[in-house]
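Before any comments, here is the structure.
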Amino acid sequence: MATAVGFVGLDEVSLELAASLLRSGYSLHAFETSRQLMNDFVKLGGKMCANLTETKQGVNALVILISHADQINDLFYGDEGVLKGLPKDVIIIIHSTILPVHIEKLEKSLSEDYQINIIVDMYALKAVSEVSNGKVMIISSGRSESISRAEPFLSAMGDKLFLFEGDIGAGSKSKMIIELLEGIHLVASLEAISLGAQAGIHPWIIYDIISNAAGNSWVLKNYIPNLLRSNPSTSNLFSAFNQNMGIVLEMAKSLIFPLPLTSVAHQQILAGCSHGVKDGEHTTLLKVWEELSGVNIIDAAKAKLYNPEELAKQLSAKSKTAKRIGFIGLGAMGFGMATHLLKSNFTVLGYDVYKPSLSRFENKGGIGASSPAEVCKDVDVLVLMVTNEYQAESVLFGENGAVAALPSGATIILSSTVSPSFVRQLERRLLNEQNKFQLVDAPVSGGVKRAADGTLTIMASGADDALEHAGSVLSALSEKLYIINGGCGAGSGVKMINQLLAGVHIASAAEAMAFAARSGLNTSQLFDVITISAGTSWMFENRGPHMVENDYTPLSALDIFVKDLGIVSHEGSSHKVPLHLSNGAHQLFLSGSAAGWGRIDDSSVVKVYETLTGVKVEGKPHALSKKIVLGSLPPEWPTDPIEDIISLNQKNSKTLVVLDDDPTGTQTVHDIDVLAEWSIESLVEQFGKRSKSFFILTNSRSMNSEKASALIKEICSNLSAAAKIADNAEYTVVLRGDSTLRGHFPEEADAAASVIGAVDAWIICPFFLQGGRYTIGDIHYVADADSLIPAGQTEFSKDASFGYRSSNLREWVEEKTRGRVAASSVASISIQLLRKGGPRAVCEHLCSLKKGSTCIVNAASERDMAVFAAGMIQAELKGKSFLCRTAASFVSTRVGIIPKAPVLPHDLILSRERVGGLIVVGSYVPKTTKQVEELMVQRGQALKIIEVSVDKIAAKSIEEREQEIKQAADMADVCLRSGKDTLVVTSRQLVVGKTASESLEINCKVSSGIVEIVRRITTRPRYILAKGGITSSDLATKALEAKRARVVGQALAGIPLWQLGPESKHPGIPYIVFPGNVGDNKAVAEVVKNWAHPGRLSAKELLLNAEKGGYAIGAFNVYNLEGVQAVVAAAEEQRSPAILQIHPSAFKQGGPPLVASCIHAAEQASVPITVHFDHGNSKQELLEILEMGFDSIMADGSHLSFKENIAYTKYLSVLAHSKDLIIEAELGRLSGTEDDLTVEDYEARLTDVIQANEFIDATGIDALAVCIGNVHGKYPASGPKLRLDLLKDMHDLTSKKGVHLVLHGASGLDKDVIEECIKRGVRKFNVNTEVRKAYMNSLTSTQKDLVHVMTLAKEAMKAVVAEKMRLFGSAGKV
């Protein structure tokens, strides 16, 4: 059933709106008292209703025509009014241009008193621009939700829709602004024609030239011909303009806003109205104006007409060729003109007081001169392009002046904008000179670029001989050359008239835009409205953007109009022509100059209004307080839809296939596959997994648009084929793009649609919470600390390849589609709809869209995203299809992924092999540069930095590129093997091309260079971190040859962590995909810190792990490098922790070098190893040992009395703990010999449990070596006799106190005894004798080479150590 729209009241415009709705498939009915209008409506296909009640029945929207404010009561509140029985969800469209205050009052009443909340206003008018002429424009406004609901109806009514979100009444306000401009332009046109006619210039000549120049306006173009022809239809113009401008001024009064130009124009029009009726008959407007101005325009218009362009052609045919030209004034315009003459094969001598300009001119091939006199040497023609009359006078007649040096017969071309009276006076003066020089009056128009191109407009006048002499120069400089009759001064007269109109039009644009800003209109949108309305002018369209963008870069300085309108004012006085409006505009420019803005752009005259009233004309969205904006939004939808999404996805068989234009799109997902290739076989396999989603990495952002489009078509074709093979699998395509709006849109969407077919809507959703990207009120923001910056004002919008201007997503769509999709036709899901209507409202809205629509999604929280996703799935279950262009947040929410904590190294059980991580940085956004700087600050000492010169790999020779790549790869290999985290970073100076495609090419060269560096690195890093989307994609697929990966989770919020597939160069390696635009300045440093090698475990951690695991750790005495290497090699082979132990006697021999070798070996080992100093029985020696880097020490006071042992151990325990070392002590005394220390049997004593309790409490030790019958050295032939019962009692005690048990003398203990000891709490066994014996026995080999002897010794010791590790249960525990 067709959607129904009711019309209450009709007019001619309403019939056009109705016809458009009917063509779009809507069902219409209407109520109107005029039988003729009703009959016409029925003929179109609408249904006639007998009354208002019938009109309301079954409608989705009601269009209510209000011509006068006094109709409102009867139409809405009467007994048979609209409101009676009207459903609350009907969309009310108020078709009216009554004053905004009445519309605002009506909206308030309807919403507050009748709970009707979907209300918009509408103003429909015909466009008058060349492109859109005759098309119906609709201007509408209202609150976000109202606009969103009404948009499909409004779009269907007209050809172009302008939506103003916010207060209602924008239609009426826009109409007033247009009428304000029309009125000013009419009076300005009349003043211009009056002044020109009085100056002797034919009115039709003025019209013909100005209507194609900068002084043109729609009013001049369309009204002046009828006025000059005295068309009777013009007799009522003053009356109509008087009424319209009176309304504007009343509105301004209510807003307390000054409109000086409007007021002056209105007074002129009012005066005209008082003269416009004679003897009861209306007089033509021009006749009335003649009476006001005292100028006989009508007769002037009837004078004989000539063709200035035809005269120019005749001149070109008979002009003499000038070979040598002098040129004075090499400013912006003059430099372009002079250099163009050089290109045209003239010999040109140039002079300017500004020496750099003169040097530039000489570099272009010109001949520089040191004075005006020198520039005139032997010239045929002298061109003056100076700023004003004073400068012209000075260079001609001042010191070293040109006139004194000019050869006889030379002609002077004066192209400066000066007054006609000055030109006439100058001509007389030159003729009175001895050589009787001739003058050509030839002001120019067109700007700097046209000057350089030789395409200026020139209005030339003068004596015939002078014109013929200068003709070749004038022709060379101009695209349009007009010869104006009337002698010298006539050309400047035409230029003066042009400047009059141009100046007034700039000033009126400023007044209009400032008034619009005060009225609450979005000036950027209003500018677009005015440019296709009757209020437009050449200057409005050219200078308006400067005002809207607040960009006053001086293209034409404000002071120029101070001068030019000063000329207008002077000439008006001379000719006794009243120029009220022009003089008013002159005063505004004077005000701007007085305020200090004279040297910036002339559009800065708008600042006069801004300063006076406090308004801001700038139409760009401003940075906002994040806290205030988010706090002002309605409460979130009360229930989290994530469980509903999961449930709906079980019913929805569609797989979400995400085509990711760089790898960063996996920022919010986990446990999902990423494919780096898209063969049909791979896709069939992926569909066969029946997963709810998978990613395809396209990396298309690194390509040009043609390649990107071809790639998307290829992938979509393969998807289609694979889906058919996989039992007709259903899927939805998501084009995952950048959350800051960069990438190939709409090219990729068009490419996908060309394969998968038309969808019901394109969905645009760039919200990404982790990156601080919010869409609110259709404007996309990027969070920066506590502010929300409109995306179009960020560094991302200036991207060399994908730059844009619009922050409003509707306008962004229009900008990127180059107008194919109008901003007004873009639908929107508002935050209000999400938070008040929930998933069901989203579903209804999506289902109501016209097929082929584009819909943007606002969101400011994950809950908003979930509400939209749930509504979208509901719409899909109803048969709707969508093509999505989104950021990362949409994907995870749409699939129903519940976030999990960031992934850390221990979650992946990484090897403890001592290799560094590889960090590769290619991204150039400023955020990345700041992050790299912070990384260097925080991790500088632990980081090796390798900077790759972008210039060498992208812009230099192949040999230099190769050398840079090889050097970086070799250095990285060395650093990684040494255990250093290694940063490979491109030099930070951004190199860009002249065009977007050149910039992409440079990016590709840089990227390929980085790829080659990583490809050549042979060492497997601990992890790889790739910074930047293109960088991470290319490294994964090209350098590491990955075809697939698994998204494990996130290293930090918004930073994906993959494990590469088995086919890659480093299977399973953690691969951190770090987007260029994500995270604060410390984010990279934080990730690198988290993923850095954890370093050596402390001795305490080693023993605690043994306690938890129920095993013991071997502490092996070492005496030399071979012993150290044997223990480490055995530990790595057995994947076991170990302790390198140095006895005092070994320290006496090896000293600090032995300690250093142990520490270095422990640091480089891939398994946990600590270094322990054993049997420290000398306080002085232990004080030295504490400073040498040991992880633990033994304070051996076993030779002392119990109390002395406590004092000795306690003293050293305090010192050791202050340095984070653990301390072991011995209670009791072992017999036997270890190294050169011997304890006789009679000196030995067992550990006493009671004493042990006191000893532990008093000393604070961490480990206790117990004596339970164990001995140092060899056990007797009868074997060891250990008191395991005593060991049990000791374990009962120490386990309560957090002290670990140590057993010295483990050499010679059999397996059963060892296992019993471990069961009873021994966590460290000291092993020495058997390792020493293996070493000594190896020395008896017949090997003669020392290297071979060392190898045998290491292998022998390693075998013993490995066997002990297996015996102690520590093997395989790493």
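Annotation for E811 and S524: closest pair OE1-OG, 4.4 Å, computed over non-hydrogen atoms. When all heavy atoms are compared, the tightest approach of Y552 to H546 is CE2-O, 3.9 Å. The nearest pair of heavy atoms linking E427 to C488 is OE1-CB, 3.4 Å. Taking both residues in full, the closest heavy atoms of L588 and Y609 are given as CD1-OH, 3.3 Å, listed atom of the first, atom of the second, then distance. Of all the heavy atoms in S508 and L261, the pair that sits closest is N-CD1, 3.7 Å. The two residues I483 and Y306 come nearest to each other via the heavy atoms O-CE1, 3.7 Å.
Few gaps surround NZ on K798; more than 12 heavy atoms of other groups in view lie less than 6.0 Å from it. Shown here is K343, whose NZ atom has more than 12 heavy atoms of other residues, nucleotides or ligands within 6.0 Å. Heavy atoms from other residues, nucleotides or ligands lying under 6.0 Å from CG of D464 number 12 at most. Atom NZ of K607 sits in a crowded spot, with more than 12 heavy atoms from other residues, nucleotides or ligands closer than 6.0 Å. At most 12 heavy atoms of other shown residues, nucleotides or ligands fall within 6.0 angstrom of atom CD in E399.
Put simply, the side chain of S461 gets close to the backbone of G487: a donor and an acceptor are under 3.5 Å apart. The backbone N or O of K377 lies less than 3.5 Å from a partner atom in the side chain of R324, making a donor-acceptor pair. No donor-acceptor distance shorter than 3.5 angstrom exists from the side chain of S394 to the backbone of Y390, with no hydrogens or angles considered. Without hydrogens or angle criteria, S415 side chain to V444 main chain gives no donor-acceptor distance under 3.5 Å. Counting only distance, with no hydrogens or angles, the side chain of N432 and the backbone of R428 share a donor-acceptor pair below 3.5 Å. At least one donor-acceptor pair under 3.5 Å links the side chain of K563 to the backbone N or O of T417. T339 contributes a side-chain N or O that, together with a main-chain N or O of G336, makes up a donor-acceptor pair within less than 3.5 Å. The main-chain N or O of A476 is found under 3.5 Å from a side-chain atom of H340 such that the two form a donor-acceptor pair. Judged by distance alone, the side chain of D441 and the main-chain N or O of G489 form a donor-acceptor pair under 3.5 Å. Between the side chain of S416 and the main chain of V386, a donor-acceptor pair closer than 3.5 Å is present.
None of I600, V606, D602 except one satisfies the side-chain contact (heavy atoms from CB on, under 4.5 Å) rule with S604; the exception is I600. Shown are I325, L341, I367; of these, the side-chain contact (heavy atoms from CB on, under 4.5 Å) with T347 is made only by I367.
Note: Y804 and F796 fail the aromatic proximity criterion, with ring centroids not under 6.0 Å apart.
One finds the CD atom of E479 at 11.5 Å from the CG atom of L481 (value rounded to the nearest 0.5 Å). How far CD of E468 is from CG of L315: 6.5 Å, rounded to the nearest 0.5 Å.
At a cut-off of 3.5 Å, with distance as the only test, no side-chain donor of D951 or S949 sits close to an acceptor on the other residue. Donor-acceptor pairing under 3.5 Å is recorded for the side chains of E541 and T536.
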